Amino acid sequence: MPSVPDRLAAWGQELVEVHDRLRDELDRLLDGLDETSALTPDLRTHCLAFCGAVGRHHTSEDRTAFPALAEQYPELRDTLDGLTRDHHVVAGILQSIDEVLTSSTDLARARSEIDGLAAILESHFRWEERAVVTALDGLTDPDVDAERLFGRDV
């Protein structure tokens with residue numbers, strides 16, 4: 001791998017840290033669901049904020065991180081395409097969660113959708129971390145930053 005400036009050497013760790021923050025927030029959300037018998041306004045707000053953060057993260061990867069990786073590491077293109085397909089599946093689940101939260105009081109349905117999201121996110125995060133962390137550490141594009149790569153506002 002080519003030598004890269006120190007400021008770029010930690011992009012892989014940045015990705016893992018973003019995923020860890022999302023995992024932690026999802027755990028808090030699931031705990032909140034366990035502790036209630038109704039979809040309270042606070043719980044709805046928490047769910048919607050979490051879903052928005054996941055959506056921004058995946059959009060940033062699709063727009064910036066994955067194209068930069070594909071250009072520098074063409075051998076990753078099939079993997080990146082698979083990760084992007086996962087993002088579309090997650091987006092569908094996020095839409096379902098939004099529909100439940102905005103048009104229903106069905107806590108069981110909300111919990112079911114969020115449990116499904118939790119399962120696919122963990123699988124997706126692990127795959128992505130195995131597949132691209134090393135490549136991210138070697139990324140040489142000087143025009144990228146953590147916000148553009150990962151939607152790092154979470």
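Quantities reported herein were computed from a predicted structural model and do not represent experimental measurements.
Put simply, the side chain of H57 gets close to the backbone of F150: a donor and an acceptor are under 3.5 Å apart. Not a single donor-acceptor pair under 3.5 Å links the side chain of S123 to the backbone N or O of A119. No side-chain donor-acceptor contact under 3.5 Å links S112 to the backbone of A108. Listed for the Q72 side chain is a donor-acceptor partner under 3.5 Å among the backbone atoms of T140. A distance-only check finds no donor-acceptor pair linking the side chain of E35 to the backbone of L30 [under 3.5 Å]. Listed for the R111 side chain is no donor-acceptor partner under 3.5 Å among the backbone atoms of L107.
Minimum heavy-atom separation, A10 to D137: C-OD1, 3.6 Å. The heavy-atom pair separating L76 from A135 by the smallest distance is CD1-CB, 3.6 Å.
Considering CG of L26 and CZ of R21, their distance stands at 15.0 Å, rounded to 0.5 Å. Summarising the geometry, atom CZ belonging to F66 is positioned 4.5 Å from atom CG belonging to L83; distances are rounded to the nearest 0.5 Å. Rounding to the nearest 0.5 Å gives a distance of 6.0 Å between CG of L136 and CG of L15. Between L22 atom CG and D27 atom CG the span is 11.0 Å, to the nearest 0.5 Å. One distance of note links OG1 of T79 with OH of Y73; it measures 14.0 Å at 0.5 Å rounding.
For F50, there are no ring-ring contact (aromatic ring centres under 6.0 Å, His included) partners, not counting sequence neighbours.
You'll find the side chain of D86 reaches within 4.5 Å of the side chain of W127, heavy atoms only. When side chains are defined from C-beta on, T105 counts as touching R44, because their heavy atoms get closer than 4.5 Å. Residues L117 and E113 form no side-chain contact, since every pair of their non-hydrogen atoms from C-beta on lies 4.5 Å or further apart.
With I93 as the fixed residue, the side-chain contact (heavy atoms from CB on, under 4.5 Å) test singles out one of I114, V54, I120: I120.
Between the side chains of H87 and H124, a donor-acceptor pair is found at a separation under 3.5 Å.
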Identify each donor-acceptor pair in which a side-chain atom of residues 97-104 lies under 3.5 Å from a protein atom, sequence neighbours left out, and give them as a table.
| unit_1 | atom_1 | unit_2 | atom_2 | d |
| --- | --- | --- | --- | --- |
| E99 | OE2 | Q95 | NE2 | 3.3 |
| T102 | OG1 | D98 | O | 2.8 |
| S103 | OG | E99 | O | 2.5 |
| S104 | OG | D106 | N | 2.8 |

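Look at R28 and E25 and you find a salt bridge, because one of the NZ, NE, NH1 or NH2 atoms lies within 4.0 Å of a carboxylate O, short of that distance.
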From CA spacing to verdict: side chain to side chain contact (heavy atoms under 4.5 Å, CB included), H19, E128: CA-CA 10 Å; H19 286 175; E128 190 171 83; 2.8 Å; yes
Please lay out, stage by stage, how T59 and R63 fare under the test side chain to side chain contact (heavy atoms under 4.5 Å, CB included). CA-CA 6 Å; T59 298; R63 288 185 182 162; 3.5 Å; yes
Tell me, with the steps shown, if L43 and L29 meet side chain to side chain contact (heavy atoms under 4.5 Å, CB included). CA-CA 8 Å; L43 186 56; L29 177 58; 3.9 Å; yes
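Residue E71 places its CD atom among 12 or fewer non-hydrogen atoms of other residues, nucleotides or ligands, all under 6.0 Å distant.
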